[in-house]
Structures are given as structure tokens and as C-alpha cells.
Amino acid sequence: MSERALEVVEFLLTAHLYTDDRTLDENDLPPRYRRVFWADAGDDDDDDSSAAGIERPLVVTDSIARKATGVEHPWDAISDLMFTQREDFSGRLSLTQPEMALEWFVNRADYDRLVTNPTIAKAVEGRDDVDVTHEAAREQTRPIHADRVWIDSLLDEYFDDEDDAEMLDLVQVRAPEEIEMTLDDLVLTTDQEGEIHKLMKAIEHREYLAQIGLREIGKILFVGPPGTGKTTVSRALAHELGLPFVEVKLSMITSQYLGETAKNVEKTFEVAKRLSPCILFIDEFDSVAKTRRSDEHAALKRAVNTLLKSIDDISLIRDEVILIGATNHPDQLDSAAWRRFDEIVNFPKPDYGMRADILRVITNRMDIDEFDPEGIADVTEGLTGSDLRLVLREAVLEALTEERMELTQDDLLEAVADFEERDNLKNLDMMSDSSELVAGSDDGHDHSHDHADEHEGETQKDAGAAK
Ligand SMILES: Nc1ncnc2c1ncn2[C@@H]1O[C@H](COP(=O)(O)OP(=O)(O)OP(=O)(O)O)[C@@H](O)[C@H]1O
Ligand SMILES: [Mg+2]
């Protein structure tokens, strides 16, 4: 009961304080509140989409309070407090005595609650009985450009006509709040950690870098076999930095719209620029380099040149776009493409120690009897993080068929054996994928599976040895 009242009073107080203090901006509202008020602004003025945003006064009704707080019956939760009221006609909830409400709230709210609400933190900063500051709360609170509603409103604003809307078919835009795996969930090599740290520092100090004339930063290429975490690390970075994540598969752009490839490349970069600051992730980077060698298609050649030029033209310093490319086939990238990245990060298959760590991370919410990650790491040489995830899933599902929710080390070992049996089949699948790609590029060869298989193995070994 009192917990629910606390939720609703916090919401009412925030709406009241925010409405009164014009120096507060969207970033002073906790994301869960922003969302409801933002959505409202968008709904109200369809005719004027550019006015999307959070407008004062923040008016609270039962249903808005329910959305923001998750409390089923907000008014019931606070109706017996003497500083609250509900207008019968409009259904509006408000505070009759905001000062009293603030006292009531501060007496009950713990530090964690205060430090995640910059609006309230500002109102109580400097008091003897609280040690939270406005600045600390701002730092704890995710910036608004990490919110889905923010991204959607930008997309609405910038891509309203049909031609523009087509651009969005080519790319996937993710809000950092929607990204589930964070850097903490990933096991990284020292090298990877170093590069990521360097990138974060560069972003933090980008003004300084511009001042001293160092502009060649923020373009990174991730190189490694499938399932080693290239995509996941890129997304986790977006989450960590609170930036929108714009993802595009180069093969999609080139194979589906042959004639329009160059235009699509331009559009993709345009989307990233409009959403900046953001991360632009270009997956399957090699698929274009491959086509560069086949000179049948003038359209494709043009596309490649456009791609290289677009990469040259985009800058972290000027456009606030971080570019990350990813490839499974570094050997197929030509030097013109390589040169454009200022950092190359290797994603090798995990070694023994990493495999054990990955197993620890992916099982940390599972119940496993006699769990010995090193024992599994011993028998999973050559498996990637993604493979280990599949192994675990298999073990869990197997156990479920016996109505068991607790796993044993033996379950895991069995699942590893199963996985290895099916591994060949999986490889075949992957290869048929990539030979489709080659066929699409019209080089007239039908690469045999065997050959491609061998080749894949080599690339993977190389990446592992480089570590
Ligand atoms: N180093 C790692 N630590 C923890 N989990 C990992 C790691 N590497 C891979 N995984 C797991 O494998 C899954 C697949 O990884 P991801 O899709 O990022 O690989 P990828 O390198 O992008 O592969 P592809 O080249 O096929 O696109 C991730 O969701 C993650 O759960
Ligand atoms: Mg990937």
C-alpha cells in the first residue's frame, strides 16, 4: 500500500515541480515518466509533428499515472493522503499542498529513489536530511536521446514523405533502452577491452581531439568468425553510450536493389547523420568488397565508390556518428576499404579461459549441479560464444523434457556431444547462404560446399592464432 502511494506521489510531485521550474528539461525526468508525457504530446498534435516533445504543464490523470507508475489504481493508492485531490469532472490528479507532499515523500524515499529523479533531486538539494545532488541524479538518468519515443519522433519528423520512408526499410534503428545485452554480459579479450575503452575516451574528449586537429577517429572494423560477438559488442556499446543504434547489412542493400545500390548507400548514411549522435553499424562489410572485383556491373562499382566516399565523408567529430564495420572475411576486403578504418579489432574464437568465463556469464541465472565451467571449456575447443549459448539452450530444453529445472554437469557434457554431431549440418547451412551471395554477384562459379568449408576453417584458425 505505502509503496504504491510512494510511487504515485513521486509522479505527482515530479509533474508539479517540472511544470513550475522552467530551467528543467527532458533529461530531468526519469525515462519512465518522460515516455508517457512524450507519447501524449505526439498524440495531441498530429497536424504538427515537429512540435513533438514534452510540453508544460504536465497534467496527470488516473490513466497517465497508471502508465507511468505501473500502479493499477493510482487514485486509490493516494486518496487518503491529505495533500492530494482528484477533480471529478476531468479526472485530473494533483497536489493541494506540494510542500507537504515533498516532506512526506522525502521522509519515505531512500537514496536510490532520489538519485534517479533529477527533478526532485533539484528541489531537495542542499537540505541537511538528504545527500543527493541534482548533478548526481542527472548523471544517473539516461539521456532522452536514448529513449525509443525520442528516436520515433525524430524518425517521424525526418522521414515523413514516401521517399524518405523507404530509407527506413534499409536500416534497423534500435534505441539503447531496447538493447538487452550489455558489456557486462560479454567476455572480451584484453585487446577488445582496450579498444572499446579507447573509443569511449575519444568520444568523451572529442572537442579536444578536434582542437588539436586529430580527426581520424571513430571508424572501427570488427573482424572475426561468426558468433564471436561482433554485433553484440556493437549494440552493447550503443547501450553503454546511450546512443541510437543504426544497423544495416550491406548484402541487403546490394543484392535486393541492384540498380539503386549507390543511392541506398547514400540514404543509409543520411539516416545515421539525421539520428546523430549515433552508432552506424555496417554488417557483412565484405559483401561489397567482393563485388568490387567483379566488373560486370557498373552499378555495383558505383555503389562501392559511393560507400568508400560516404565513409570518408562521415566523421565522429563533425557528424557525431561512430562507424563500426563487421566482417567474417577480412581476406576479401581490399586495401581501399581497410585503409578507411582507423582501428581494427580482432574477434577470435574464445580460448580456454574465455570459454569458461562465457559459460559462467550465460549460466549465471541457472541452477546447475556440480557445475564446472573449466570442465566444459576443456571439451569445447573451437566453439564460439554463440555456440556455447546454443549448447546451454539445448541442455536446458533436454532437461525440461524430463521435467527438470535443475541441470547437471552431465547434461551440459551431453549437450556438447550433441552439438558437435550437428555441427556439420549447421556448417552446410551457413555455406549455402554464402554461396547464394556469390551467385548473386554473378561471377558464374558455383563454389562447392567442401571447398567453402575448408576455407572457413582456415579463417577461423587464423583469427584464433592471431590472439
Ligand atoms: N565473447 C562473448 N561473450 C559472451 N557471449 C558471447 C560472446 N561472443 C558471442 N556471444 C554470444 O553469441 C551470440 C551471437 O553473437 P553475435 O551475433 O554478436 O556474433 P557475431 O560476431 O556478430 O556473428 P556474425 O558474424 O555471424 O554476425 C551473442 O548474442 C552472445 O550471446
Ligand atoms: Mg553479427
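Read the numbers this way: they start at 1 and go in the same order the structure lists the ligands and their atoms.
The stretch residues 235-244 participates, sequence neighbours left out, in these side chain to side chain donor-acceptor pair (under 3.5 Å) pairs: Arg235-Glu247.
Between Phe37 and Phe11, the gap from one ring centroid to the other is short of 6.0 Å.
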Side chain to side chain contact (heavy atoms under 4.5 Å, CB included) assessment of Asp313 paired with Phe269: CA-CA 10 Å; Asp313 284 349; Phe269 278 79; over 6 Å; no

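Not a single N/O/S atom of Thr232, whether from backbone or side chain, sits less than 2.8 Å from the Mg ion (ligand 2).
Between Lys198 and Glu343, at least one side-chain nitrogen of the basic residue sits less than 4.0 Å from a carboxylate oxygen of the acidic one, meeting the salt-bridge criterion. A salt bridge links Asp357 with Arg360: at least one charged nitrogen is closer than 4.0 Å to a carboxylate oxygen.
Counted by atom type alone, Thr384 and Asp387 present one or more donor-acceptor pairs between their side chains at under 3.5 Å.
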Please produce the table of protein N or O atoms sitting under 3.5 Å from N or O atoms belonging to ligand 1, one pair a line, distance to 0.1 Å.
from: ligand 1; atom 1: 1 (N); to: Val187; atom 2: O; distance (Å): 2.7
from: ligand 1; atom 1: 3 (N); to: Val187; atom 2: N; distance (Å): 3.0
from: ligand 1; atom 1: 8 (N); to: Thr228; atom 2: O; distance (Å): 3.4
from: ligand 1; atom 1: 12 (O); to: Ser386; atom 2: N; distance (Å): 3.2
from: ligand 1; atom 1: 15 (O); to: Thr232; atom 2: OG1; distance (Å): 3.4
from: ligand 1; atom 1: 18 (O); to: Thr231; atom 2: N; distance (Å): 3.4
from: ligand 1; atom 1: 18 (O); to: Thr232; atom 2: N; distance (Å): 2.8
from: ligand 1; atom 1: 18 (O); to: Thr232; atom 2: OG1; distance (Å): 2.4
from: ligand 1; atom 1: 19 (O); to: Gly229; atom 2: N; distance (Å): 3.1
from: ligand 1; atom 1: 21 (O); to: Thr228; atom 2: N; distance (Å): 3.2
from: ligand 1; atom 1: 21 (O); to: Gly229; atom 2: N; distance (Å): 3.1
from: ligand 1; atom 1: 21 (O); to: Lys230; atom 2: N; distance (Å): 2.8
from: ligand 1; atom 1: 21 (O); to: Lys230; atom 2: NZ; distance (Å): 2.7
from: ligand 1; atom 1: 22 (O); to: Thr231; atom 2: N; distance (Å): 2.9
from: ligand 1; atom 1: 22 (O); to: Thr231; atom 2: OG1; distance (Å): 2.7
from: ligand 1; atom 1: 23 (O); to: Gly227; atom 2: N; distance (Å): 2.8
from: ligand 1; atom 1: 25 (O); to: Lys230; atom 2: NZ; distance (Å): 2.8
from: ligand 1; atom 1: 25 (O); to: Asn328; atom 2: OD1; distance (Å): 2.8
from: ligand 1; atom 1: 31 (O); to: Arg389; atom 2: NE; distance (Å): 2.4

